[in-house]
Amino acid sequence: MHTYQPESIESKWQKYWLEKKTFKTPTDTSKPKYYVLDMFPYPSGAGLHVGHPEGYTATDIVARFKRMNGFNVLHPIGWDAFGLPAEQYAVKTGTHPKITTEKNIERFREQLQAIGFSYDWDREVNTTDPNYFKWTQWIFLKLYEKGLAYEDEVAVNWCPELGTVLANEEVIDGKSEVGGFPVIRKPMRQWVLKITEYAEELLQDLEGLDWPESLKDMQRNWIGKSIGAEIDFQIQGFNEKLRVFTTRPDTLFGATYMVLAPEHHLVDQITTPDQKQAVAEYKEAAALKSDLDRQELTKEKTGVFTGAFAINPANGKEIPIWIADYVLVSYGTGAIMAVPGQDERDWEFAEEFDLPIVRTVQPPGNFEGKAYIGEGVAINSEFLNGLKIKEAKEKIITWLEEKETGKKAINYKLRDWLFSRQRYWGEPFPIIHVDGESKAVSYDELPLELPEVDKYQPTGDGEPPLANATEWVNTTDPETGKPAKRETNTMPQWAGSCWYYLRYISPEFDGGPVDPDYEKYWMPVDLYVGGAEHAVLHLLYARFWHKVLYDIGVVSTKEPFQKLVNQGMILGEMEFTGFKQKGEWISSTSADENSEQVKLSDEEVEKKGDGFVLKGTDIRVDARAHKMSKSRGNVINPDSVIEQYGADSLRLYEMFMGPLEQVKPWSTKGVEGVNRFLNRAWRLIIDEETGELRSELSEVSPSKKQLKSLHEAIKKVTEDIEELRFNTAISALMIFVNEANQWKEIPHSVAKEFVLILSPFAPHIAEELWAKLGNEQTLAYEDWPLYNEEYLKADSILYPVQVNGKVRANLEIPADKALDKEYVLKKAKEDTKVQNYLINSVIVKEVFVPQRIINIVVRPA
RNA sequence: GCCGCAGUGGUGGAAUUGGUAGACACGUUGGACUUAAAAUCCAAUUCGAAUAGUAUUCGAGUGCCGGUUCGAGUCCGGCCUGCGGUACCA
């Protein structure tokens, strides 16, 4: 038997590609280039899951397609291999993270190769390789030299469980993103990168990028630009001014009190003796609160009066200064002017503490709410009265600028990037501390490698694990000979992934992170595919580094990733869940956490109305696909899919499921479907008895009908790959095979072209069929078939005929008459079925859309 | 709360600038092949009704309500639901 046997042909071609280095990136730069990039994986111990191959297959299809279209293609892969899991494993077992990491990479590489991705394996990068992180450290030194990396004592997100500091972005609902452990605020000395310096550029340059609009919006929100004013309030009895930022300077006359963040630097100075104790207690309580606690208390406002007063510069009134934790020290100036009339938070606070409220914008007559934040004209505001918000803002800013007590200002929500972690398994900072000052290690000392340590835990007092390596830590400053201590923090995982796309361009280059000549050729990345979870973290950080590298002349483009696509998550199989309470079935709509969940088979349920119910009852059940997770036991392992159906079926199915960007449930039955298709494609060309070409295959020239089928497929597949619509491309291939299987005779030339357009999707079977068709070379660099419009033309056009918008007949019109309106309409009106609807009626209008449809509008006579 | 995206058969999904809703696939049902099963092949499959007999006709139908249009899954207005992001950002 010579049936389609993926296991043998797939390993055969994988070996061929590797040995022949089929996908080695060309080094000539004469042809047009295409750089297609995957977000490189963290090589976890669990191996690949089915989510990985989704994006990877999409980019692989594009890479193979572009090669066949005459492009030089750069399609690399690598490993984002620093990170917490390997380190936690080291803490538990004492195994060096390097060993764990190598083992995991080995496994990932094998798995990726078993799917037949056309990566250039000579360009693999690994963030933990000293030859790689040498340049991560190099870039850090450049940031340091430019003043973009600084040390600061900041209240950080300290996670005691993980023994490390987390970036704001790594804290979700007051818990660590990794592991879900509680996070508290703790002041520590930290390295910080001044990403805020690039806030405006990061915002502006989003415009030119071909990224999903939703993702650009997420970045815009994250950067959070707001335009307003800074206003100085004189503090009564002190030679100090209190500066606030506000987006509503027009409401200044309504500022009836002020609030400082508990951590504000002026708090202690201005607090009056009789308030000292209350303020101190409040400050202490606020400091102890974790972020989680702060969030849980959002409903109730708390605060303490400092005893001090400020002067409202608009009307000279004395207003009290409070402290409250609803004002954040890290945004704006850490202080606000409170305008309860126009701000809901201030209104709540004013109500709680009986502070005066003055409306300065006229609410509409029927307004019943509290604070009014809508449009309206200014009231109770002297010279602003009667002005609309926008005009009032302009006028008050001009007035403040004249009085030198305020000015127009812009603020960003974006904060500087907390760049150090108290971990072992990360890039060491190329920094030494001499006489309490930090100092850069010289470039020729790079890479600065990690020392060997006995234990990977942080020291008890929060000092990073590197502090244990005393020999490494204690060094001398080569310049002065003074004793020095090495920095013991390490860089976060984002560091290595901020620039890896550049290293692929010239992985061996040792004159800089990237060879400038090749950088100019390959950059920017033409297509970048990865998960949406990196929308604001990785993608913002990488853009920031790229802009710095641009400013120092290392790269030639302002943005790294021209086009970006997020693949949607793959969920587990659809599940039906019924609910029981006290042994009785209850409807899913009335179920709560205490209800018992029962997994049901498809036979036990049926569709009723717009949901599913227990068969023969009205009891609703839950019908949905869930995220794959170990605990739910619905994880699909790509290895077993390959084992059962082959890598080509896995690839094909992942692309056939639906649009790339969409979230979609896995279906094993669906894999069987595409596997059947591959079997049909195989049998179209191969005689299963002999294993040779079928006797139906011959050198005859194709018929008109055959050319039409083929060229329709070529057209659809070509256009769909360009637009990343792989699901419909595959459907076109299926339609072709279904048609071709009816043919008595199959022209050799048609079979060849079909195999070529199948090849980006299912490369193994395509290579095998290509070889069987008598070719000796891989098809990877064959010319992509072009479609010919001539062959697509039909002999006749089918016109649906509508009467009053309802289809009543279908007319077959010869192609040469199809554009003749008179003729087609005459035929339509002659049709017996149509005539039934024309009796006793007057034709009001005749609509003729060439090649499409006819609509005859009538009304009763 | 705010921002973004999405709601189409039993299921995943398809539908050029508004032009026959349901391509392709899964599932299901029936049939062929087989001692039998698997595999394969063929046919049917949005729902409802009618006629009638192996085909045809009519009506409804793309989350809900309304609008524009000869014609709306697609455009406009108002909702509902789900998903993702974000949250005292002054």
Side-chain angles (χ1 to χ4, degrees), chain A residues 3 172-173 212-218 220-222 224 226 228 244-248 251 259 294-295 297-299 301 324-328 330-339 342-346 348-349 411-415 532-533 535-536 566 568-569 573-574 602 605-607 610 612 623-625 653 656-659 661-674 676-677 679-680 683 688 725 727-735 738 741 798-810 833 836 844-849 851-858:
Chain A
T3 51
I172 313 272
D173 294 332
E213 202 50 42
S214 60
L215 196 146
K216 288 206 239 179
D217 252 342
M218 278 162 72
R220 283 188 200 111
N221 290 340
W222 195 265
S226 44
V244 301
F245 173 76
T246 177
T247 54
R248 295 294 304 275
T251 63
V259 186
R294 273 203 176 193
Q295 278 175 4
L297 292 171
T298 52
K299 276 148 216 151
K301 293 271 180 294
D325 64 3
Y326 83 93
V327 172
L328 308 173
S330 48
Y331 182 78
T333 61
I336 61 155
M337 61 179 214
V339 189
Q342 275 76 233
D343 186 286
E344 286 165 346
R345 297 153 300 182
D346 295 344
E348 275 179 42
F349 191 82
N411 234 296
Y412 300 91
K413 233 155 74 172
L414 184 71
R415 321 254 170 97
E533 66 273 22
V536 281
N566 291 128
M569 202 185 355
E573 296 242 9
M574 161 93 119
D602 341 357
V605 297
E606 65 182 345
K607 177 98 176 179
D610 49 351
F612 282 85
R624 55 193 281 202
Y653 176 63
F656 187 63
M657 291 171 87
E661 306 86 338
Q662 209 161 296
V663 177
K664 28 197 187 279
W666 184 267
S667 154
T668 299
K669 290 285 183 195
V671 189
E672 285 171 14
V674 296
R676 255 174 246 162
F677 159 70
N679 272 290
R680 281 201 298 276
R683 288 196 303 269
E688 293 194 312
R725 293 184 303 236
N727 53 332
T728 50
I730 292 166
S731 139
L733 291 167
M734 288 172 167
I735 292 170
N738 290 347
N741 264 322
L798 193 71
Y799 273 99
V801 184
Q802 298 182 329
V803 178
N804 287 347
K806 283 196 201 304
V807 180
R808 298 302 179 181
N810 283 295
K833 278 185 232 150
N836 289 338
V844 183
K845 190 171 181 177
E846 291 169 347
V847 180
F848 172 76
V849 185
Q851 316 262 30
R852 292 229 188 281
I853 207 165
I854 295 156
N855 191 6
I856 301 170
V857 186
V858 300

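Letters A, B, ... are given to chains in the order of the sequence lines, protein chains preceding strands, and every chain is numbered from 1.
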Q: Scan A/Arg808 against the nucleic acid and name what it touches under 4.0 Å (heavy atoms): base, sugar-phosphate only, or nothing.
A: sugar-phosphate
Q | Results of side chain to side chain contact (heavy atoms under 4.5 Å, CB included) for A/Ala335 - residues two or more places apart only | A | A/Leu242, A/Val244, A/Leu260, A/His264, A/Thr333
Q: Using a 4.0 Å cut-off on protein heavy atoms (strictly under), produce a 5'-to-3' string for nucleotides 4-11 of chain B with B for base contact, S for backbone-only sugar-phosphate contact, and - for none.
A: S-----SS
**Q.** Results of ring pair (Phe, Tyr, Trp, His ring centres under 6.0 Å) for A/Phe612 - residues two or more places apart only
**A.** A/Phe576
Q) When the distance from CZ of A/Phe848 to C1' of B/G19 is rounded to whole Å, what number comes out? A) 12 Å
**Q.** Closest to side chain of A/Arg683, choosing from B/G59, B/G19, B/C41
**A.** B/C41
(Q) List the residues meeting salt bridge (charged side-chain N to carboxylate O under 4.0 Å, His left out) with A/Asp343, not counting sequence neighbours, and say none if there are none. (A) A/Arg345
Q: Measure the shortest side-chain to side-chain distance between A/Val858 and A/Val844 over non-hydrogen atoms and say whether it is less than 4.5 angstrom.
A: no
Q.
Among residues at least two apart in sequence or on other chains, which ones pass side chain to side chain contact (heavy atoms under 4.5 Å, CB included) with A/Asn566?
A. A/Pro212, A/Leu215, A/Ala532, A/Leu564
Q) Atom NZ of A/Lys806 and atom P of B/G19: how far apart are they, to the nearest Å? A) 18 Å
**Q.** Between B/A21 and B/A32 - P atom distance, rounded Å
**A.** 36 Å
Q: Pick base, sugar-phosphate or nothing for A/Ser330, based on heavy-atom distances below 4.0 Å to the nucleic acid.
A: nothing
**Q.** A/Lys301 to A/Phe349, cation-pi by 6.0 Å centre distance and 45° axis angle
**A.** no
**Q.** Ionic contact status for A/Arg220 with A/Glu213, cut-off 4.0 Å
**A.** yes
Q. Taking only residues two or more places apart in sequence or in another chain, which ones pass ring pair (Phe, Tyr, Trp, His ring centres under 6.0 Å) with A/Tyr331?
A. none
Q) Do A/Val847 and A/Val849 come close enough that some side-chain heavy atom pair is under 4.5 Å? A) yes
Q. Does B/G13 fall in syn (glycosidic angle within 90° of 0) or anti?
A. anti
(Q) Pick the closest RNA chain B nucleotide for A/Lys833 and for A/Pro800 by heavy atoms, then say which residue is nearer the 5' end. (A) A/Pro800
Q. Taking the same atom, C1', in B/G13 and in B/G77, what whole-Å distance lies between them?
A. 30 Å
Q) For every nucleotide of nucleotides 21-34 of chain B, 5' to 3': is a protein heavy atom under 4.0 Å from its base (B), only from its sugar-phosphate (S), or from neither (-)? A) --BBSSS-------
Q) Just how far, in rounded Å, is P of B/C88 from NZ of A/Lys413? A) 9 Å
(Q) Judged by each residue's nearest nucleotide on RNA chain B, which is more toward the 5′ side, A/Thr333 or A/Met218? (A) A/Met218
(Q) Measuring only the P atom in each nucleotide, how far is B/A37 from B/A44? A whole number of Å is fine. (A) 24 Å
Q) Could you state the CZ-P distance from A/Arg852 to B/C70, rounded to the nearest angstrom? A) 20 Å
Q | Stem segments of RNA chain B by first residue number [Watson-Crick or G-U, under 3.5 Å, at least 3] | A | B:1-7 with B:80-86, B:10-12 with B:24-26, B:27-32 with B:40-45, B:46-50 with B:56-60, B:63-67 with B:75-79
Q: Mind checking the CZ-CD1 spacing from A/Arg808 to A/Ile856? Nearest 0.5 Å is all I need.
A: 12.0 Å
(Q) Walk me through whether A/Glu573 and A/Thr668 qualify under side chain to side chain donor-acceptor pair (under 3.5 Å). (A) CA-CA 8 Å; A/Glu573 296 242 9; A/Thr668 299; 2.7 Å; yes
Q.
My understanding is that only residues two or more places apart in sequence, or in another chain, count here; which of them pass ring pair (Phe, Tyr, Trp, His ring centres under 6.0 Å) with A/Phe656?
A. none
Q | Protein-nucleotide distance (A/Tyr326, atom OH; B/A87, atom C1'), rounded to Å | A | 16 Å
Q | Residues which pass side chain to side chain contact (heavy atoms under 4.5 Å, CB included) with A/Leu733, listed by chain and number, not counting sequence neighbours | A | A/Phe677, A/Val717, A/Phe754, A/Ile757, A/Leu758, A/Phe761
Q: Can you tell me the distance, in whole Å, between the CG atom of A/Leu328 and the P atom of B/A90?
A: 10 Å
Q) Can you name the side chain to side chain contact (heavy atoms under 4.5 Å, CB included) partners of A/Gln802, sequence neighbours left out? A) A/Val807, A/Ile853, A/Asn855
Q. Atom OH of A/Tyr412 to atom P of B/A90: distance rounded to whole Å?
A. 13 Å
Q. Starting at CE of A/Met337 and ending at P of B/C88, how long is that distance when rounded to a whole Å?
A. 20 Å
Please list each protein N or O that sits under 3.5 Å from an N or O in nucleotides 63-68 of chain B, with the distance.
none

